[in-house]
There are 2 protein chains.
Amino acid sequence: MELSEKKTAEMFKALCDENRIKIIKLLQNGEKCACRLNEEIDVTQPTMSHHMKVLCDSGLVVGRKEGKWMHYSISREGAKTALELLSELTKVKIDSNDSCC
Amino acid sequence: MELSEKKTAEMFKALCDENRIKIIKLLQNGEKCACRLNEEIDVTQPTMSHHMKVLCDSGLVVGRKEGKWMHYSISREGAKTALELLSELTKVKIDSNDSCC
DNA sequence: TCACCACATTGAAAAATGTCTATATATTTA
DNA sequence: TAAATATATAGACATTTTTCAATGTGGTGA
């Protein structure tokens, strides 16, 4: 763990978009192919492809190619990493007082 | 819990920016006033003020006014909410096969 | 009251992101 | 091989976000 601030921000950027949240929620019910996702979310095919790239790059989602189809699913490992990252980030290490002002 | 996709995305938007990640990391060592944060991060004062607003709006950070100073700290409750949100979002409900293609 | 200080707000410019259309690539099937 | 299908990529455009300079607000102390 202990990613750079840039990498950390990148991880959470995957979760910054309303449509990507919808996609993840759909994937909670198991693996889905791109065409099915496209049916359920109102964006064009290239836009969906872009979102799937962002999600896969973040590690939260994994893609599996089967012939001409792409099947996507939530990565348990990616989800675990994200949770650990958020947990570490928001952990208060020392409850010291503000010695500044 | 069970926020809308829009609200969920908004929560994670607070974590999307490299400088805001740095700010949270600084706050891990305890409450800090705005002027101290400003010393440590290379942005102008209005930009810092903007980031603090985003962080406070998300609930992850709380501000406490004391005279003319603002003291910021990580909200344990906000952090808990964010963790629960991410945990629920990435939980795989059913491991069904893709019945699509 | 007046000057000063810490912080917030406003408005504008620059950068990043989401979206589309058009096109390319890869795989299957006739 | 050629057509059809699923997905990816490229390029353009609009929106959103980050940032700054300028200014406003509210508290402090001379």
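The basis for the numbers below is simple: all heavy atoms, side chains too, and nothing from hydrogens, waters or symmetry mates. Residue numbers begin at 1 in each chain, while the letters A, B, ... track the order of the sequences.
- Nearest nucleotide to the A/W69 side chain, out of C/dA6, D/dT7, D/dT18: D/dT7.
- Closest contact between the side chain of A/K68 and the listed nucleotides C/dC7, C/dT17, C/dT28 involves C/dT28.
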Worked verdict on B/L15 versus B/L60 for side-chain contact (heavy atoms from CB on, under 4.5 Å): CA-CA 9 Å; B/L15 299 166; B/L60 276 171; 3.7 Å; yes
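- Between the C1' atom of C/dA6 and the NZ atom of B/K32 lies a distance of 18 Å, rounded to the nearest Å.
- Rounded to whole angstrom, the span from the CG atom of B/D17 across to the P atom of C/dT17 amounts to 10 Å.
- Residue A/Y72 places its side chain closer to D/dA8 than to any other of D/dA8, D/dT18, C/dC7.
- Near DNA chain C, meaning a heavy atom under 4.0 Å away, the residues from residues 40-53 of chain A are A/V43, A/T44, A/P46, A/T47, A/H50, A/H51.
- The CG atom of A/L15 sits 14 Å away from the P atom of C/dT17 (whole-angstrom rounding).
- A donor-acceptor pair is defined here as one N or O able to donate and one able to accept, closer than 3.5 Å; such a pair exists between the side chain of A/R20 and the backbone of A/K13.
- Between the P atom of C/dA6 and the NE2 atom of B/H71 lies a distance of 12 Å, rounded to the nearest Å.
- In this entry the distance linking CG of A/N19 with C1' of D/dT15 reads 14 Å, nearest Å.
- Distance alone, capped at 3.5 Å, is enough to place a donor-acceptor pair between the B/T90 side chain and the B/L86 backbone.
- Here C/dG18 presents its P atom at 10 Å from CG of A/L55, a figure rounded to the nearest Å.
- The backbone N or O of A/G59 lies less than 3.5 Å from no partner atom in the side chain of A/E77, so there is not a single donor-acceptor pair.
- In this structure, the CZ atom of A/F12 is 20 Å from the C1' atom of C/dA16, given to the nearest Å.
- If you take CD of A/E10 and P of C/dA16, they are 12 Å apart, rounded to a whole angstrom.
- Residue A/K32 comes nearest to A/L26 through the heavy atom pair NZ-O, 3.7 Å, listed as atom of the first residue, atom of the second, then distance.
- For the OP1/OP2 pair of C/dC7 and a distance below 4.0 Å, the side-chain nitrogens and oxygens of B/N38 include no atom meeting the criterion.
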Evaluation steps, salt bridge (charged side-chain N to carboxylate O under 4.0 Å, His left out), between B/K80 and B/E84: CA-CA 6 Å; B/K80 187 161 163 281; B/E84 285 172 2; 3.3 Å; yes
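- At least one donor-acceptor pair under 3.5 Å links the side chain of B/Q28 to the backbone N or O of A/L89.
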